**Q** 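Structure incoming, see below.
Fair warning: this is a prediction, and the values are worked out from it, not measured in the lab. Every chain is numbered from 1, with letters handed out A, B, ... down the list of sequences.
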Protein chains: 2
Amino acid sequence: MKKSLADRIEQYLKVLIERSEDKQIEIQRAELAETFSCVPSQVTYVLNTRFTEDEGYLTESRRGGKGFVRITRFHFESDAAVLPNRVELMRYLEKLMEEGIISQSEQGMLNHLIIYAFRDITVDQRNRLFKSLHHVLTDYFNQTGQS
Amino acid sequence: MKKSLADRIEQYLKVLIERSEDKQIEIQRAELAETFSCVPSQVTYVLNTRFTEDEGYLTESRRGGKGFVRITRFHFESDAAVLPNRVELMRYLEKLMEEGIISQSEQGMLNHLIIYAFRDITVDQRNRLFKSLHHVLTDYFNQTGQS
DNA sequence: TTATCAAGGTCAAATAAAGTCAAAGAAGGA
DNA sequence: TCCTTCTTTGACTTTATTTGACCTTGATAA
């Protein structure tokens with residue numbers, strides 16, 4: 001398969017990320033485009049198609065003067081430790097759904113929150129929060145008489 | 001990240017604040033501008049964008065002779081400092097409910113979580129989490145096509 | 001009490017990034 | 001070939017920063 005421009009930019013960025021100390025790099029979109037002699041939006045395209053959350057990447061950016069794009073590869077390894085708690089919490093939500101206490105869309109929303117809203121904190125704290133969430137939800141549904 | 005002037009002034013001030021006895025400093029706008037060889041309004045800009053209440057800072061000032069700008073970082077002993085973020089997030093949920101994106105009971109459940117599930121962590125982290133929650137919810141409802 | 005001057009504040013223009021979106025082109029598969 | 005999907009491009013949009021002209025406020029000397 002012949003490598004497309006997008007493929008080459010992807011590879012270039014991934015090498016940089018893997019070499020970096022903290023699996024995180026910052027680039028300037030226009031500058032990178034310059035390097036590959038393409039339009040800046042090409043870089044955006046690569047980011048959108050190859051550095052998605054699903055692939056384990058987080059991208060942030062700032063516009064305006066001295067703007068940048070930061071790409072972080074998050075470590076699934078370190079996530080391992082939270083997994084039990086996360087899975088436990090998600091399983092609980094599933095149960096709530098099966099019992100008709102929450103709807104399917106509510107389950108979806110909460111799952112989404114669980115996956116994406118707690119990335120920025122330590123594993124330790126995530127664990128505690130997941131437990132806390134479980135607990136508080138249980139309380140809540142007991143109070144409200146449901147279940 | 002290539003630091004913008006605003007970034008550098010921000011950092012400078014934050015270091016001063018953290019070093020200070022009472023997390024509070026007083027500066028002269030013009031003098032600081034002089035230090036960074038920029039116009040005074042640049043300092044105002046930094047204050048407005050980086051030392052907001054949401055970020056946990058309070059700024060006061062006096063014009064005229066012997067004028068000053070005082071920046072205080074609130075001491076996160078109480079919940080006071082999270083209040084803005086919590087209120088903001090709850091207001092957002094209210095809006096979602098009014099727009100029919102979430103139901104009243106969903107709003108109730110999420111509010112409950114907000115109030116009770118994050119008690120055990122530092123105010124600082126709670127602030128970040130509330131912002132993250134807001135962000136992730138917005139993403140979620142955009143993706144799912146609602147609103 | 002008033003005039004003067006020394007602060008800080010406001011606002012909008014100029015500039016510097018990055019993002020969006022849709023059209024056009026290329027590659028691959030049925 | 002024809003259809004679908006992925007890539008490339010560029011015009012236009014949004015956001016962040018920097019700068020400067022002009023405004024407001026407060027202290028103090030006359």
**Q** Below 4.0 angstrom, which residues in residues 12-20 of chain A have at least one non-hydrogen atom near DNA chain C?
**A**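 DNA chain C contact set from residues 12-20 of chain A: none.
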
**Q** Are any non-hydrogen side-chain atoms of Leu129(B) and Leu129(A) less than 4.5 angstrom apart?
**A**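 Yes, their side chains come closer than 4.5 Å.
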
**Q** Counting heavy atoms not belonging to Arg91(B), are there more than 12 under 6.0 Å from its CZ?
**A**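 No.
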
**Q** I need the CD-P distance between Glu60(A) and dA16(D), as an integer number of Å.
**A**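 Nearest whole value for this atom pair: 14 Å.
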
**Q** Could you go over nucleotides 5-7 of chain D and give all protein N or O partners under 3.5 Å, atom names and distances?
**A**
{"unit_1": "dT7(D)", "atom_1": "OP1", "unit_2": "Arg50(A)", "atom_2": "NH1", "d": "3.4"}
{"unit_1": "dT7(D)", "atom_1": "OP1", "unit_2": "Arg50(A)", "atom_2": "NH2", "d": "2.8"}
{"unit_1": "dT7(D)", "atom_1": "OP2", "unit_2": "Tyr45(A)", "atom_2": "OH", "d": "2.2"}
{"unit_1": "dT7(D)", "atom_1": "OP2", "unit_2": "Arg50(A)", "atom_2": "NH1", "d": "3.0"}
{"unit_1": "dT7(D)", "atom_1": "O5'", "unit_2": "Tyr45(A)", "atom_2": "OH", "d": "3.1"}

**Q** Does Arg62(B) make a side-chain N or O approach to OP1 or OP2 of dA27(D) shorter than 4.0 Å?
**A**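 Yes, Arg62(B) has a side-chain N/O under 4.0 Å of OP1/OP2 on dA27(D).
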
**Q** Would you compute the distance between atom CG of Leu13(A) and atom CZ of Arg8(A) and round it to the nearest 0.5 angstrom?
**A**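 So the gap between those two atoms works out to 12.5 Å.
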
**Q** By nearest atom, which of the nucleotides dA16(D), dT28(D), dT19(D) is closest to the Arg63(A) side chain?
**A**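 So the nucleotide nearest the side chain must be dA16(D).
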
**Q** Check the phosphate of dG19(C) against Thr44(A), side-chain N and O only, distance under 4.0 Å to OP1 or OP2. Yes or no?
**A**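 Result: yes.
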
**Q** Pick the closest DNA chain D nucleotide for Val46(A) and for Ser41(B) by heavy atoms, then say which residue is nearer the 5' end.
**A**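 So the residue in question is Val46(A).
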
**Q** Please work out which of the three classes, parallel, tilted or perpendicular, describes the rings of Phe118(B) and Phe130(B), given edges at 30° and 60°.
**A**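 Perpendicular, since the angle between the ring planes exceeds 60°.
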
**Q** Specify whether Tyr12(A) and Phe36(A) have parallel, tilted or perpendicular ring planes, treating 30° as the upper limit for parallel and 60° as the lower limit for perpendicular.
**A**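 Perpendicular.
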
**Q** Does Gln11(B) have more than 12 heavy atoms from other residues, nucleotides or ligands lying within 6.0 Å of its CD?
**A**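 Not buried by this count: 12 neighbours or fewer within 6.0 Å.
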
**Q** More than 12 foreign heavy atoms under 6.0 Å from CD of Glu60(A): is that the case here?
**A**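 Correct, the count exceeds 12.
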
**Q** Is Val46(A) reachable from Val15(A) through a run of hydrophobic residues whose side-chain heavy atoms are each under 4.5 Å from the next?
**A**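 Hydrophobic grouping puts Val15(A) apart from Val46(A).
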
**Q** From CG of Asn48(A) over to P of dC21(C), roughly how many Å is that when rounded to an integer?
**A**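 Result: 11 Å.
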
**Q** Under 4.0 Å between any heavy atoms, over every strand shown, what does Gly65(B) touch: base, sugar-phosphate, or nothing? Just pick one.
**A**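 Answer is base: heavy atoms of Gly65(B) come under 4.0 Å of a base.
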
**Q** With under 30° as parallel and over 60° as perpendicular, where do the rings of Tyr57(B) and Phe51(B) fit, or are they tilted in between?
**A**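 It falls in the perpendicular class, over 60°.
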
**Q** What about Ile17(B) and Phe68(B), same hydrophobic cluster or not, with Ile/Leu/Val/Met/Phe/Trp/Tyr joined at side-chain heavy-atom distances under 4.5 Å?
**A**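 No.
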
**Q** May I have the distance from Ile9(B) (atom CD1) to dA16(D) (atom C1'), rounded to whole angstrom?
**A**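 In whole Å, dA16(D) C1' lies 14 Å from Ile9(B) CD1.
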
**Q** I need the CD-C1' distance between Glu26(A) and dA18(C), as an integer number of Å.
**A**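 To the nearest whole Å, that distance equals 14 Å.
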
**Q** Is the NZ atom of Lys131(A) crowded by more than 12 outside heavy atoms at less than 6.0 Å?
**A**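 Counting neighbours around NZ of Lys131(A), 12 or fewer heavy atoms of other residues, nucleotides or ligands fall under 6.0 Å, so no.
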
**Q** For Lys3(B) and dT18(D), give me the distance from atom NZ to atom C1', rounded to whole Å.
**A**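 Lys3(B) atom NZ is separated from dT18(D) atom C1' by 18 Å.
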
**Q** Would you kindly give the CG-to-P distance between Leu47(A) and dT20(C), to the nearest whole Å?
**A**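 So the two atoms are 11 Å apart, to the nearest Å.
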
**Q** Among the candidates dG8(C), dA18(C), dT28(D), find the nucleotide nearest to the side-chain atoms of Ala30(A).
**A**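 Of dG8(C), dA18(C), dT28(D), dA18(C) is nearest to the side chain of Ala30(A).
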
**Q** Going by heavy atoms in the side chains, are Ile9(A) and Cys38(A) under 4.5 Å from each other?
**A**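 Side-chain contact under 4.5 Å: yes.
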
**Q** Is Ser61(A) near enough to dG19(C) that one of its side-chain N or O atoms lies under 4.0 angstrom from OP1 or OP2?
**A**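 Yes, because at least one side-chain N or O of Ser61(A) sits under 4.0 Å from OP1 or OP2 of dG19(C).
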
**Q** Both atom distances under 3.5 Å, Watson-Crick or G-U wobble: I'd like the secondary structure of DNA chain D as a dot-bracket string, with | for pairs made across strands.
**A** ||||||||||||||||||||||||||||||

**Q** Just how far, in rounded Å, is C1' of dA18(C) from CD of Glu31(A)?
**A**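 Going from Glu31(A) (CD) to dA18(C) (C1'), I get 14 Å.
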
**Q** Atom CZ of Phe51(B) and atom C1' of dG9(C): how far apart are they, to the nearest Å?
**A**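 Interatomic distance, CZ of Phe51(B) to C1' of dG9(C): 18 Å.
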
